[in-house]
Amino acid sequence: MSKRYDEAIEVTPAPDAHLPLSFLWRGRRYDVDQHLSSWREGGGMKDRDCHRVLARPSGVFATGELDPDGFMAATPGAVYDLAFDRIKKDWRLARIWD
């Protein structure tokens, strides 16, 4: 199940790519543990770069254990869809999967 949002976030991107390393949402920083996928959506120019990430609140540590599919197990986080608007040059939290 997922919940849709369309809220502004502040993203710290990786220096060598436009992938999020962490983000600030509602006054709380979240660290990205795993980048799951990327895609483009929008009008004819595909104006949003979307990233699905596994993230957790900063200061809460993941165990580092992997499940049979290679994903982090027992992580105190969730899966987030983050979107970068290439025209407006801003980041949005699009969805949280639980």
Side-chain angles (χ1 to χ4, degrees):
M1 176 124 87
S2 69
K3 185 168 182 183
R4 289 184 178 264
Y5 293 84
D6 184 27
E7 295 185 26
I9 57 173
E10 179 183 312
V11 170
T12 302
D16 58 343
H18 201 62
L19 300 176
L21 291 178
S22 67
F23 60 95
L24 181 66
W25 177 53
R26 294 184 177 177
R28 186 165 201 179
R29 171 106 8 227
Y30 292 81
D31 294 325
V32 173
D33 287 318
Q34 189 171 2
H35 183 266
L36 303 174
S37 63
S38 293
W39 67 95
R40 282 204 172 148
E41 59 184 37
M45 296 293 293
K46 302 284 187 186
D47 55 357
R48 285 173 32 129
D49 292 329
C50 299
H51 304 277
R52 183 162 291 157
V53 299
L54 177 64
R56 61 184 160 70
S58 290
V60 176
F61 297 102
T63 64
E65 297 174 14
L66 300 179
D67 69 12
D69 295 319
F71 294 100
M72 294 186 102
T75 304
V79 174
Y80 298 85
D81 287 352
L82 311 178
F84 178 71
D85 187 311
R86 296 171 53 217
I87 295 168
K88 295 178 183 175
K89 305 290 187 210
D90 70 346
W91 284 92
R92 311 292 287 179
L93 172 65
R95 182 176 306 186
I96 299 176
W97 296 86
D98 51 4

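Predicted model, so just to flag it, every value in this text is computed and none were measured.
- Arg28 CZ to Tyr30 OH: the interatomic distance, rounded to the nearest 0.5 Å, is 5.5 Å.
- Enclosure of atom CZ in Arg26 by more than 12 non-hydrogen atoms of other residues, nucleotides or ligands within 6.0 angstrom is indicated.
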Pairs under 3.5 angstrom only: tabulate donor-acceptor contacts from the side chains of residues 10-23 to other protein residues two or more places apart or in another chain.
residue: Thr12; atom: OG1; partner: Ser22; partner atom: OG; Å: 3.4
residue: Ser22; atom: OG; partner: Arg29; partner atom: NH1; Å: 3.2

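- In the hydrophobic cluster analysis, where Ile, Leu, Val, Met, Phe, Trp and Tyr join through side-chain heavy atoms closer than 4.5 angstrom, Leu93 is grouped apart from Leu24.
- Only one option out of Asp31, Val32, Val79 pairs with Leu54 in a side-chain contact (heavy atoms from CB on, under 4.5 Å); it is Val79.
- Residue Leu82 comes nearest to Ile9 through the heavy atom pair CD2-CD1, 3.7 Å, listed as atom of the first residue, atom of the second, then distance.
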Is there a ring pair (Phe, Tyr, Trp, His ring centres under 6.0 Å) between Trp97 and Tyr80? Walk through the geometry before answering. CA-CA 6 Å; Trp97 296 86; Tyr80 298 85; over 10 Å; no
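- The shortest heavy-atom contact between Trp39 and His51 is CZ3-C, 4.4 Å.
- No donor-acceptor distance shorter than 3.5 angstrom exists from the side chain of Arg48 to the backbone of Phe84, with no hydrogens or angles considered.
- Evaluated for a salt bridge (charged side-chain N to carboxylate O under 4.0 Å, His left out) with Arg92, the options Asp6, Asp81, Asp49 yield exactly one hit, Asp6.
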